[in-house]
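See structure below.
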Amino acid sequence: MAEATSERPEGAAADWTIPQEWERYTAAEHAMWDYLFERQASMLPERVVPEFMDGLNVLRMTRKGIPRFDELSERLMKATGWQVVAVPGLVPEKVFFEHLANRRFVAGRFIRTPEQRDYLKEPDIFHDVFGHVPLLANPVFADYMQAYGKGGLRADGFGSLTSLARLYWYTVEFGLIRHGDALKLYGAGIVSSYGESVFALDDASPNRLGFDLKRIMKTHYRIDDYQQSYFVIDSFEDLLRQTVETDFAPLYAQIRNEAPIPTDTVLPSDRVYHRGTQAYARAKAEASGRFFLGKVPVSEPVKVAPLTTVQRSEALAALPAWTYDKNRRAFYRKLTFKDFSAAFGVMTRIALEAEKTDHHPEWTNVYNRLEIWLTTHDAGDVSDKDIKLAKVIDALAPQGAE
Ligand code: PHE
Ligand code: CO
């Protein structure tokens, strides 16, 4: 989630890669990997798609300790021509896509601390390597990941990264797959999470809906909690065929003029495997004192009035940190934090606030820098909603972050 204009950290190569420095992992860090691995290994076999378990075996990931990227790459190279390379954290979108398009998977090299055992905001080596790498040993999935990288570079050119990112989210990160009469896991965000590995398959709360390319590219997703909807593919072959054989350009153009779909919605056109009760999300929302928005009709998007030029100037006068971006018809603010964690912490709090009103910022984050645009798509420009959100963000942004 970032732009190529930002600086890369010192010590990183032009393509943002860094050495893994495997020798520097402590015994405690290896033990953390083993703990997480054991916990997932004990319950995944009957839940995860068999190709994932095949990948763990082919890549010899069942051995103890944090894997070495050079060994993984050697085995992956033989299986599907992929490699695993280390990066300092989130990298600019283009760098990420460029690596995927060249069959290189970028992974974080740090591992979570004991306090972060069950919940972690930024992906660590366990998520990146245990979650993502096994399926890269599968030829069809490996091709999908490369095609996605090429698709990303193309989507960037159309200004449609948000739509494409949703496809990644609901397949690569949180995808389910049909397996005979049963559903199985394959998304990396699920298989690397103890709680979500159960929730995604067994809980009555979330929707489980048939894969629908355009519908997914219009659907919001949650970054702060378990998903409210999961999408089920028929097979990796089908996923690859549908995405490679579809020209996304006309879809992007249509989606730009259509309202996004909330995370919990079931549409009449959905192929429903399970209609979620949303009990989990509702209980969470009530517990945190949040107003649960429930179903929002999406067939008739509510039009919102844009601000007049005068209203806009008045609003900006009261929001000194913000400017108006004419091209994007959006309020714009840039923030610099102490480090990535600080940036990510504030982003998480902003996202939670945004969820309350279902009005979301567009942003790009590289390391400690965050750029934010606020606009209202149903108004085609800034509206009252953006003024409110700008105030919320100003309240959450630390003093001096400018
Ligand atoms: N077919 C997509 C396009 O036209 C590219 C793509 C393929 C994207 C596979 C994602 C996955 O842009
Ligand atoms: Co991931």
Side-chain angles (χ1 to χ4, degrees), residues 1-2 36 40 52 55 82 84-87 89-91 93-94 96-112 119-136 138-175 185-193 196-197 200 211-218 221-223 226-227 231 233 235-256 344 365:
M1 37 157 136
L36 296 167
Q40 293 312 94
F52 180 90
W82 273 76
V84 183
V85 292
V87 289
L90 289 181
V91 301
E93 298 281 10
K94 275 190 186 160
F96 176 68
F97 295 139
E98 217 37 91
H99 280 294
L100 292 183
N102 290 289
R103 294 175 99 86
R104 286 188 301 267
F105 189 76
V106 296
R109 65 178 179 184
F110 77 96
I111 191 153
R112 67 196 71 179
Y119 185 71
L120 175 79
K121 287 179 285 184
E122 37 178 330
D124 71 341
I125 190 172
F126 187 74
H127 167 78
D128 281 343
V129 173
F130 180 86
H132 285 281
V133 172
L135 280 182
L136 292 173
N138 176 267
V140 181
F141 194 81
D143 284 353
Y144 174 66
M145 290 294 280
Q146 179 180 26
Y148 184 88
K150 293 183 184 165
L153 295 167
R154 188 163 182 250
D156 196 29
F158 293 125
S160 289
L161 282 183
T162 305
S163 304
L164 191 70
R166 291 174 181 152
L167 176 63
Y168 191 87
W169 193 264
Y170 283 119
T171 59
V172 177
E173 295 291 356
F174 292 96
L185 312 172
Y186 76 92
I190 308 177
V191 303
S192 64
S193 157
E196 198 153 6
S197 292
F211 177 84
D212 175 338
L213 184 58
K214 184 177 167 196
R215 192 261 197 237
I216 285 176
M217 292 203 294
K218 291 172 60 174
Y221 55 78
R222 296 194 65 143
I223 61 162
Y226 297 154
Q227 300 307 303
F231 292 92
I233 59 169
S235 64
F236 292 136
E237 284 80 6
D238 185 57
L239 173 64
L240 180 66
R241 193 176 333 108
Q242 283 200 52
T243 49
V244 166
E245 289 179 1
T246 306
D247 179 1
F248 285 15
L251 293 183
Y252 294 146
Q254 290 166 20
I255 290 169
R256 213 162 290 138
F344 204 89
N365 159 244

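Start at 1 and go down the list; that is how both ligands and their atoms are numbered. The model shown is predicted, which means the values in this text are computed figures rather than measured ones. Reckoned from all heavy atoms, side chains included, excluding hydrogens, waters and symmetry mates.
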Paired with Tyr186, the side-chain contact (heavy atoms from CB on, under 4.5 Å) test is passed by just one of Val172, Thr171, Val191, namely Thr171
Between Phe248 and ligand 1, does any nitrogen or oxygen pair lie at a separation below 3.5 Å?
yes
Has ligand 1 got any nitrogen or oxygen that is less than 3.5 angstrom from a nitrogen or oxygen of Thr243?
yes
Can you pull out the closest protein heavy atom to atom 5 (C) of ligand 1? Residue, atom name and distance to 0.1 Å, please.
Gly151 CA, 3.7 Å
Can you check whether Thr246 has an N/O within less than 3.5 Å of an N/O in ligand 1?
yes
Taking only residues two or more places apart in sequence, or in another chain, which ones meet Ala249 in a side chain to side chain contact (heavy atoms under 4.5 Å, CB included)?
Arg154, Phe158, Asp247
Short question: side chain of Tyr170, backbone of Phe211 - any donor-acceptor pair under 3.5 Å?
no
Taking the Co ion (ligand 2) as the reference point, name the nearest N/O/S atom of His132.
NE2
What atoms of ligand 1 come within less than 4.0 Å of a heavy atom belonging to Asp247?
4 (O)
Could you tell me which atoms of ligand 1, counted from 1 in the order shown, lie closer than 4.0 angstrom to a heavy atom of Tyr144?
11 (C)
Name of whichever N/O/S atom of Glu173 is nearest to the Co ion (ligand 2):
OE2
Top protein contact for atom 6 (C) of ligand 1, by heavy-atom distance:
Ala147 O, 3.8 Å
Within the side chain of Gln227, is there an N or O that forms a donor-acceptor pair under 3.5 Å with the backbone of Ile190?
no
Where the side chain of Arg166 meets the backbone of Met217, is there a donor-acceptor pair that is under 3.5 Å apart?
yes
Mind checking what makes ring-ring contact (aromatic ring centres under 6.0 Å, His included) contact with His99, not counting sequence neighbours?
none
Output yes when the distance from some N or O of ligand 1 to some N or O of Arg154 is under 3.5 Å, and no in every other case.
yes
Whether the side chain of Thr246 engages the backbone of Thr243 through a donor-acceptor N/O pair (distance < 3.5 Å, no angle test) should be reported.
no
